[in-house]
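Worksheet: one structure, shown below.
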2 protein chains.
Amino acid sequence: MSSSTVTVETTPAPALPIARQSLHDQVVTRLRDMVTDGRLAPGQRVNEVALCAGLGVSRTPLREALKTLAGEGLLELVPSRGAVVRSFTDKDVADCMMVLKALEQLAGRLLCQVASDAAIAGLLALHAEMQARYAVRDRLPYFKLNQAIHSGIVAAADNAPLLRAHEALQAQMKRIRFIGHEGPEKWAAAMAEHEEMAAALAKRDGEALAEVIGRHHDRGLARIRDVI
Amino acid sequence: MSSSTVTVETTPAPALPIARQSLHDQVVTRLRDMVTDGRLAPGQRVNEVALCAGLGVSRTPLREALKTLAGEGLLELVPSRGAVVRSFTDKDVADCMMVLKALEQLAGRLLCQVASDAAIAGLLALHAEMQARYAVRDRLPYFKLNQAIHSGIVAAADNAPLLRAHEALQAQMKRIRFIGHEGPEKWAAAMAEHEEMAAALAKRDGEALAEVIGRHHDRGLARIRDVI
DNA sequence: TGCGGATATTCTGCATACAGAGCACAGAAT
DNA sequence: ATTCTGTGCTCTGTATGCAGAATATCCGCA
């Protein structure tokens, strides 16, 4: 695809790194999307050759991508039967949310100590943007901004292993949250919690932030529970 | 190697699952061991063909194993340069320990609520065994029992995602802990903390257990810090 | 008609082959 | 002497081929 790399390099100054990503990475992101948006349904067996044809790649990079996604917990590898899209029980979801809660609480406490003012301002800006989307009930942008805020909180904590673990779990839950379109009153409650989070963030009050995040997750679990 | 799988199947009764593991899995565990015991040194580039020769497998399963281990955070995949054994900075270690601490604290609280008496008894038995090994200063068994106890606490919490995240992080830290042979007084302190943990465990006091675990990790980080 | 077993087919797991990228070394020009 | 460039080699990334396991199909038989 992008095998013809541009090698002009006239600019000596900012040296932009030319995104160049391998087939493997591209396949990984494509498959991740296919899992989260449901084109690969939970419980479904993944046929390698069919997918290869669809993606236009050979089996080797595809298989390597499957291993990667299995490592992230999105797929399960059954010996001699290949990859199966992981399906989540009620308990799995609750368990994931519990861990996610603990990680984000930790992140909240950390970021209040270590984050730069600019980073906090950035998060508050995301919040304001989400607020605006909520005002006009614009679901998809709201959803994406919501995810970005939660990811951003963890990223601002400046703890790589924490970020990795959180990303993996969030990817697993992404599909669940995606289908979980909550009603107006639940949505309002979630938004109110985000207001509280923003307030705690602005004050750099780590304990308060952790407390709200905990409540947000507990209620979030309750919100999606009747959807499943 | 073991490509000839035994297919006799004379026992119909308890349906034992016949360990049959793929080459991929075997290679993964072998490589994990090689990273933790230092035969693959941090920062070292992994030469695929050389490793293939050493393990007696072809590049395909090896490469798939490399992807898996990269997903676990033990290796780093550099485009066009292959896999590199991940090397940890001081901060990386501290960050990992922080996350590990949060996860084990969560596990401690959970297990006090949900674990069976038998599970707790099992953990206490491991503790007693470790006590015995400490009494005669038998380092390696002590080390392994220590790991087993920490893993066992998380396993007893009955939360699969929590267990997965913990295992990955513990694998990353295993080598650090392995080389970090602490002096007698630090060792005694660590053992004393384990005594406290066992006491809290016996009483199913989740809060107390979480508190000790937190202290144990904080002090553990301090203990290994001057080793690095 | 229902069931058991042999056979055929499909698909995974692994090995190998090939092409391109990165890197080192050497030679030439300034 | 130093730097730049060209060439060759090594190693990764990807494709393809082959063998074995799992499953589906179909036929025979009760």
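The sequence lines fix the lettering, A, B, ..., with proteins before strands; numbering per chain opens at 1.
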Can you list every side chain to side chain donor-acceptor pair (under 3.5 Å) pair that touches residues 160-170 of chain B, not counting sequence neighbours?
B/E104-B/H166, B/Q147-B/Q170, B/S151-B/Q170
Report the stems of DNA chain D as range-with-range entries sorted by first number; a stem here is at least three consecutive pairs, Watson-Crick or G-U wobble, both distances under 3.5 Å, and write none if there are none.
C:1-30 with D:1-30
Under the rule for ring-ring contact (aromatic ring centres under 6.0 Å, His included), what residues qualify as partners of A/H24, not counting sequence neighbours?
none
Partner residues of B/E76 under the side chain to side chain donor-acceptor pair (under 3.5 Å) criterion, sequence neighbours left out:
none
Residues forming a side-chain contact (heavy atoms from CB on, under 4.5 Å) with A/L77, sequence neighbours excluded:
A/K67, A/A70, A/A83
Here the ring pair (Phe, Tyr, Trp, His ring centres under 6.0 Å) pairs for residues 103-122 of chain A, sequence neighbours left out, are none
Restricting to side-chain contact (heavy atoms from CB on, under 4.5 Å), what partner residues turn up for A/K144, sequence neighbours left out?
A/L140
Once each nucleotide of nucleotides 11-18 of chain D is scored for protein heavy atoms under 4.0 Å, what B/S/- sequence comes out, 5' to 3'?
SBBBBBB-
Please list, one pair per line, the donor and acceptor atoms closer than 3.5 Å that link side chains of residues 112-127 of chain B to other protein atoms, with sequence neighbours excluded.
residue: B/S116; atom: OG; partner: B/A119; partner atom: N; Å: 3.0
residue: B/D117; atom: OD1; partner: B/R204; partner atom: NH2; Å: 2.8
residue: B/H127; atom: NE2; partner: B/E195; partner atom: OE1; Å: 3.3

